[in-house]
Protein chains: 2
Amino acid sequence: MSNPSTYEVILDTSYRLFAEQGFEKTSMAMIAKELDVSKPALYYHFSSKEALIDKLFEEICRSIGFHVYFQLENYTAKNFGARLTSDGLNMIHTQREDEHYTRIMNQYQALGYRDPKYARQLVGILEGFTSGFTELLNYGVSIGAFPEGNLGVQAQMLTMIIDSMDNFMSYGLEYDYEVIWTQAVNQVMTGAEGNEL
Amino acid sequence: MSNPSTYEVILDTSYRLFAEQGFEKTSMAMIAKELDVSKPALYYHFSSKEALIDKLFEEICRSIGFHVYFQLENYTAKNFGARLTSDGLNMIHTQREDEHYTRIMNQYQALGYRDPKYARQLVGILEGFTSGFTELLNYGVSIGAFPEGNLGVQAQMLTMIIDSMDNFMSYGLEYDYEVIWTQAVNQVMTGAEGNEL
DNA sequence: GTCTATATCGGGATAGAC
DNA sequence: GTCTATCCCGATATAGAC
C-alpha cells in the first residue's frame with residue numbers, strides 16, 4: 001500500500017483544484033505543482049487521471065448521505081417538526097460552508113450524463129435521501145407525531161427541495177431558504193394532500 | 001454578414017454535440033466533421049471556440065424564460081390554480097422532450113462557477129422566473145383568486161421546485177412530479193404560511 | 001516513492017490558395 | 001466562404017535513474 005498521507009493529500013488538493021477549475025482545466029501538472037511534487041509521483045499513487053477522479057468521487061460519496069444529518073433516534077412525537085426543520089437547515093448550512101462541494105458535484109453530474117458509472121452513484125445518493133425521509137416520516141406517523149399522508153411523495157419533495165436549495169445558494173441567490181424549508185416541513189406535518197390530476 | 005443558414009447549422013450541431021459530450025470533449029474538428037466542412041470554415045463564422053460557446057448560450061437564453069410558459073392574460077379568478085398547475089407541467093414536459101437541454105445547461109452552470117459572465121445570465125433566468133411568479137401571484141390576489149400570503153417566498157419556492165424537477169428528471173428518477181407540483185401550487189393557493197424561526 | 005527527461009498525441013488556431 | 005496544410009502548445013503518460 002502506498003504512503004497514506006501522500007495519498008490523502010493528493011485527494012485533498014485535487015478536490016480543491018477540480019472544484020475551482022473543473023476536471024479538464026485542471027492538469028496533473030497543476031496538481032503536482034500545487035503539492036510541490038513531480039507528475040510521476042502522482043502516477044505512482046493513481047494509475048491515471050480518471051482513476052484519481054474516480055477515487056475522489058468514492059471518498060465524497062462515502063462522506064455524505066442522509067444519516068449524517070438526520071438521525072431517527074433524535075426524533076420524538078413532541079419535537080418532530082422542529083427537529084426535521086433544524087436538521088435540514090443544519091445540513092444546508094454545513095454544505096454552504098464548503099464552497100467547493102456544490103461545484104465538484106456539478107462536475108460529477110456532468111460526467112454522469114456521459115458515463116453511467118457516475119450517474120448511478122449520484123442517483124444512489126438522492127435515492128438514499130428519499131428513502132431516508134420516507135423511513136423517518138413513517139416513524140413520525142408511528143409515534144403519532146403527525147397524521148398519515150402520502151409519505152412517499154412528501155419524501156420526494158423534501159429531497160428535491162433540499163437539493164435545490166444547495167444549488168440556488170451556490171449561485172449566490174439570496175432566497176428565504178429557512179422559510180421555504182420550514183414551510184415544506186409544515187406541509188408534510190399537516191398532511192396536506194396534492195390533488196391528483 | 002455571414003451566410004445565415006451555415007451559421008445556424010453550426011449552432012444547432014454544436015448544441016447537440018456539446019450536450020452529449022461536454023464542451024471540452026467536443027473539439028472544433030468534431031463539429032466540422034459532423035457538418036462535413038473544414039475547421040477553418042467554422043473559424044470564419046466564429047472567431048474562437050469560446051465565441052461559439054458564448055453565441056450558443058445567447059441563443060439558448062433568448063429562447064427560454066418565464067413568459068414562454070406562463071402568460072398572465074390566460075389567468076382568471078376561476079381557473080387560476082388549474083392554469084398554474086397545467087402551465088408548470090407543460091413547461092416540464094416540454095423541457096423533457098429536449099433531452100439535450102438539461103445537459104447543456106449543466107455545462108453552462110459549471111462555466112458559471114469560474115466565469116461570472118455565464119453566472120450572471122443563469123441567475124438572470126432564475127430571477128426572471130421568480131419575478132414572473134411574483135407578478136403572477138400578485139395578479140391572482142388582485143383578482144381574488146386566492147388570499148394574500150408571503151408571495152415573494154412562494155414565488156421562490158415555485159422557482160426552485162420547477163428547476164429541481166427538470167434536474168431530477170434528467171437523472172432518470174421517476175418521481176411523482178405531477179403530484180409534487182400540484183401540491184406546491186395548492187399550498188400557494190391556500191395561502192399556507194411558513195413559521196418564522 | 002520520487003525524481004528528470006521525454007515520448008506521443010490531440011486540440012485550438014492560422015496561412016494562403018481558390 | 002471554404003478549402004489543404006501546417007504551426008504551436010499543453011496534456012497524459014512513461015522510461016529509467018536514484
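All chains are named by letter (A, B, ...) in the order of the sequence lines, taking the proteins before the strands, and each is independently numbered beginning at 1.
Residues B:Asn79 and B:Thr76 bring a donor and an acceptor atom of their side chains to less than 3.5 Å of each other. For B:Thr130 and B:Thr159, the side-chain atoms include at least one donor-acceptor pair closer than 3.5 Å. In the model, A:Gln183 has no side-chain atom that pairs as donor or acceptor with a side-chain atom of B:Asn150 under 3.5 Å.
Dashed line: the shortest gap from a side-chain N or O of A:Ser48 to OP1 or OP2 of D:dT14 is not under 4.0 Å. Here A:Tyr44 does not reach the OP1 or OP2 of C:dT2: none of its side-chain N or O atoms lies under 4.0 Å away.
If A:Ser47 and A:Glu24 are placed on DNA chain D by their nearest nucleotide, the residue sitting closer to the 5' end is A:Glu24.
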- With ring-ring contact (aromatic ring centres under 6.0 Å, His included) as the test, would you mind laying out the steps for A:Phe80 and A:Tyr139 before giving the verdict? CA-CA 10 Å; A:Phe80 201 94; A:Tyr139 177 69; 7.1 Å; no
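Distance B:Tyr43 OH to D:dT4 C1': 16 Å, rounded to the nearest Å. Between the CD atom of B:Gln21 and the C1' atom of C:dG11 there is a distance of 14 Å, rounded to whole Å. At whole-Å resolution of the value, CD in B:Glu50 and C1' in C:dG12 are 12 Å apart. Note: NZ (A:Lys33) to P (C:dT2) measures 20 Å, nearest angstrom. Rounded to whole Å, the distance from CG on B:Leu17 to P on C:dG11 is 13 Å.
Under the 6.0 Å cut-off for aromatic ring centres, B:Phe46 and B:Tyr7 qualify, their centroids lying closer than that.
Using a cut-off of 4.0 Å between Lys/Arg side-chain N and Asp/Glu carboxylate O, A:Lys117 and A:Glu50 are scored as salt-bridged.
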- Query: Nucleotide by nucleotide, 5' to 3', does protein get under 4.0 Å of the base (B), only the sugar-phosphate (S), or neither (-) in nucleotides 3-10 of chain C, counting heavy atoms?
  - Reply: BBB-----
